[in-house]
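Everything below concerns the one structure shown next.
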Amino acid sequence: MKKFVGSIILIFAIAFQNVSLPQGEAAVPFLVVPVSPFLNGMGATGTSLPTDDPFGFLYNPAQLGYVSQGNNFSFIIYPSSVDILPFSFYQVDVNAFALNLGYNFKKLINFPLTVGFGFARPEISFGEFISTAGSFESKDYYLAFSLGVGIDYDVQFYGGITYKSITSILAPPGIGIGTEAGSGEANTGVFDFGFLLNIPVIKLIDDEANLELFENVPSIPFFNFSIGYSQLNIGDEIYYIDPAQADPLPRTARLGYGLSTGIDLKIEEMILRSLELGFTVDAEDILVTRSMDTTGRSKLEYQSFLGDIDIGRNIIQMKGDENVISRSGFKLDFVETLAITWGKYSGRSYDNLKTNGIVIRSKGLLKLLDKFTSDPTMNYIANHFDIRYYKSTYNIDNWDERNFEGIALVINGYQFW
């Protein structure tokens, strides 16, 4: 069993070196693989800068509280699986989809409450293997069910929780591996939780700030500061056949901050975000550590809260180390139509690797078309629908770069009561 598991872990280590755990060992490393085509372009951040990316709650469940402020429904899917070993003889494919549901109850209950629900199914396939029962596909996948809430009393507070049902298949069910009898499939569950605080600085100082860049078109500036924390994959150990060979799960702490600024144009009753610049830093530590018991035997333990995250080094200086990955990312969004992203990360086995990406949206174009037409159908589509295309490149300074793509549909602006 150990040899077979070792071969799977070897493939995984080649695919994503930054899941190696110098502090200890953890099972199902797929749980820490970043799957968002949008956030991967920003260095795989996602904890502390509010985002309406449908995969955002996998990085911090509190993102659902933010998403539900404006979006009623969003869905994203990979158009094709991602080969994360494109230059290897191994075929290791990642695929994922996610959906979000949300509602803003402010008008209904006269209280600034938002509630969002999220579901996602990421999967990694290690390919076809041969057993005594024939061929089978070795893979890991999980089903994520998430709830997020938000309260907007000048300062915006979001919180969320996620449950993940995990399945890891190393051999066909009921068929042992090697000389070990039993099942080669393991199942378990973990929880995530997170918090996000967003402070609209300019709005707090002057709720009617107006730059008047264009005649008869109010130009409303904004500047937001945010702080986020999440702890992911909180659960017990997992084993396939022998409970004595159980391994801990990759419990992960993420902490960071975000800044966003830009200008909204108010054209009659329409608000158009003409320009937005966002910047964020996240520090990530896998809370698994190895120590010795009183008999001198090695044992694995979970750390608490921040683990080895050093705010000064890993967040302020944006430097990773042997235990912590430091991530940073930028986004530049033009007229709700085109966004450019870039980022970097360092720590554990990586040293300042870079990422980038683009986002193409229909929202801004539809809003502008609506202003030049009097068609009620166009007005309805512009007010409620947005189609997006995401593409990002992860590890672009290395030979094993991966290209992620996603297509999303977003529906917003509905009040049902």
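When a residue number appears, it is its place in the shown sequence, counting from 1. Basis for what follows: all heavy atoms, side chains included, without hydrogens, waters or symmetry-related copies.
Ring pair Phe55/Tyr78 is perpendicular by interplanar angle, where above 60° counts as perpendicular and below 30° as parallel. Relative ring orientation between Phe279 and Tyr257 is described as perpendicular, the plane-to-plane angle rising above 60° on a 0-90° scale split at 30° and 60°. Aromatic ring orientation, Tyr380 versus Phe385: tilted (interplanar angle from 30° to 60°). Under the 30°/60° scheme for interplanar angles, the aromatic rings of Tyr394 and Phe404 are found to stand perpendicular.
Distance check, rounded to the nearest 0.5 Å: CG of Leu39 to CG of Leu49 gives 9.0 Å. To the nearest 0.5 Å, atoms CG (Asn224) and OG (Ser260) are separated by 4.0 Å. Interatomic distance, NE2 of His384 versus NZ of Lys363, reported as 8.0 Å (0.5 Å rounding). For the atom pair Phe157 CZ and Phe195 CZ, the distance stands at 5.5 Å (nearest 0.5 Å). The structure places CZ of Phe117 at 9.5 Å from CG of Leu64, a figure rounded to the nearest 0.5 Å. To the nearest 0.5 Å, atoms CG (Asp53) and CE (Met42) are separated by 10.5 Å.
With hydrogens and angles ignored, the 3.5 Å screen pairs no side-chain donor or acceptor of Ser230 with any backbone N or O of Phe193. Between the side chain of Gln63 and the main chain of Thr51, a donor-acceptor pair closer than 3.5 Å is present. A donor-acceptor pair is defined here as one N or O able to donate and one able to accept, closer than 3.5 Å; no such pair exists between the side chain of Arg251 and the backbone of Leu287. When atom types are taken as modelled, the side chain of Asn71 and the backbone of Phe73 share no donor-acceptor pair closer than 3.5 angstrom.
Asp52 places a side-chain heavy atom less than 4.5 Å from the side chain of Arg388. Considering only heavy atoms from C-beta on, Lys344 comes within 4.5 Å of Ser328 through its side chain. The closest side-chain heavy-atom distance from Ile151 to Val149 is not below 4.5 Å. Using a 4.5 Å heavy-atom cutoff, the side chains of Asn210 and Ser219 are in contact. For the pair Asn198/Tyr66, no side-chain contact is recorded, criterion being any heavy-atom separation below 4.5 Å from C-beta on. A 4.5 Å side-chain heavy-atom check between Phe126 and Asp140 finds at least one atom pair inside the cut-off. Using a 4.5 Å heavy-atom threshold, the side chains of Val92 and Ile124 count as touching. Using a 4.5 Å heavy-atom cutoff, the side chains of Ile286 and Arg348 are in contact.
Residues in residues 334-343 take part in these side chain to side chain donor-acceptor pair (under 3.5 Å) pairs, two or more places apart or across chains: Glu336-Lys367.
Evaluation of the ring-ring contact (aromatic ring centres under 6.0 Å, His included) rule for Tyr389 yields no partner, not counting sequence neighbours. Residues forming a side chain to side chain donor-acceptor pair (under 3.5 Å) with Lys164 (at least two apart in sequence, or on another chain): Asp192, Asn233. Residues satisfying the ring-ring contact (aromatic ring centres under 6.0 Å, His included) criterion with Tyr153, sequence neighbours excluded, are Phe111. By the ring-ring contact (aromatic ring centres under 6.0 Å, His included) test, Tyr229 is found to be paired with Phe305, residues two or more places apart in sequence or in another chain being considered.
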Under 3.5 Å, which donor-acceptor pairs do the side chains of residues 310-318 form with other protein atoms, sequence neighbours left out?
unit_1: Asp310; atom_1: OD1; unit_2: Gly312; atom_2: N; d: 3.0
unit_1: Asp310; atom_1: OD1; unit_2: Arg313; atom_2: N; d: 3.0
unit_1: Arg313; atom_1: NH2; unit_2: Gly320; atom_2: O; d: 3.3
unit_1: Asn314; atom_1: OD1; unit_2: Asp310; atom_2: N; d: 2.7
unit_1: Asn314; atom_1: ND2; unit_2: Lys319; atom_2: O; d: 2.8
unit_1: Asn314; atom_1: ND2; unit_2: Asp321; atom_2: OD2; d: 3.3

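Contact detail for Pro200 and Gln156: the closest heavy-atom pair is CG-NE2, 4.4 Å. Between Ala98 and Pro54, the shortest heavy-atom distance links the atoms CB-O, 3.7 Å. The two residues Ser392 and Asn40 make their nearest non-hydrogen contact at OG-CB, 3.6 Å. Listed here is the closest heavy atom pair of Ile407 and Pro79: CD1-CB, 4.2 Å. Here the closest non-hydrogen pair linking Val35 and Pro122 is CG1-CB, 4.3 Å. The two residues Ser36 and Tyr59 make their nearest non-hydrogen contact at N-OH, 3.1 Å.
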Query raised in the report: Passes side chain to side chain contact (heavy atoms under 4.5 Å, CB included), Lys354 versus Asn356? Steps please.
Result: CA-CA 7 Å; Lys354 298 179 181 179; Asn356 63 31; over 6 Å; no
Requested in this report: Go through Tyr142 and Thr188 one step at a time and tell me if the side chain to side chain contact (heavy atoms under 4.5 Å, CB included) criterion holds.
Outcome: CA-CA 10 Å; Tyr142 62 86; Thr188 191; over 6 Å; no
Report task. Begin with the C-alpha distance, continue with both residues' side-chain angles, and end with the deciding distance and a verdict on side chain to side chain contact (heavy atoms under 4.5 Å, CB included) for Leu232 and Leu31. Result -> CA-CA 9 Å; Leu232 314 176; Leu31 288 172; over 6 Å; no
Requested in this report: Could you give me the CA-CA distance, side-chain angles and deciding distance for Lys331 and Asp333, then say whether salt bridge (charged side-chain N to carboxylate O under 4.0 Å, His left out) is met?
Outcome: CA-CA 6 Å; Lys331 70 170 181 178; Asp333 196 330; 5.5 Å; no
Requested in this report: Output, in order, the C-alpha distance, side-chain angles, deciding distance and verdict of side chain to side chain contact (heavy atoms under 4.5 Å, CB included) for Val67 and Phe57.
Outcome: CA-CA 9 Å; Val67 171; Phe57 74 91; over 6 Å; no
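For the residue pair Asp282 and Ser48, a side-chain donor N or O sits within less than 3.5 Å of a side-chain acceptor on the partner. Side chain to side chain, Thr167 and Asn187 meet the donor-acceptor criterion of an N or O pair below 3.5 Å. In this structure, a donor-acceptor pair under 3.5 Å is absent between the side chains of Asn104 and Thr114.
For Lys371, the NZ atom sits in a packed shell: over 12 heavy atoms of surrounding residues, nucleotides or ligands are nearer than 6.0 Å. Environment of CG in Leu277: crowded, with over 12 heavy atoms of neighbouring residues, nucleotides or ligands closer than 6.0 Å.
Each of Asn60, Asp285, Thr47 was checked for a side chain to side chain donor-acceptor pair (under 3.5 Å) with Arg254, and the lone residue meeting it is Thr47.
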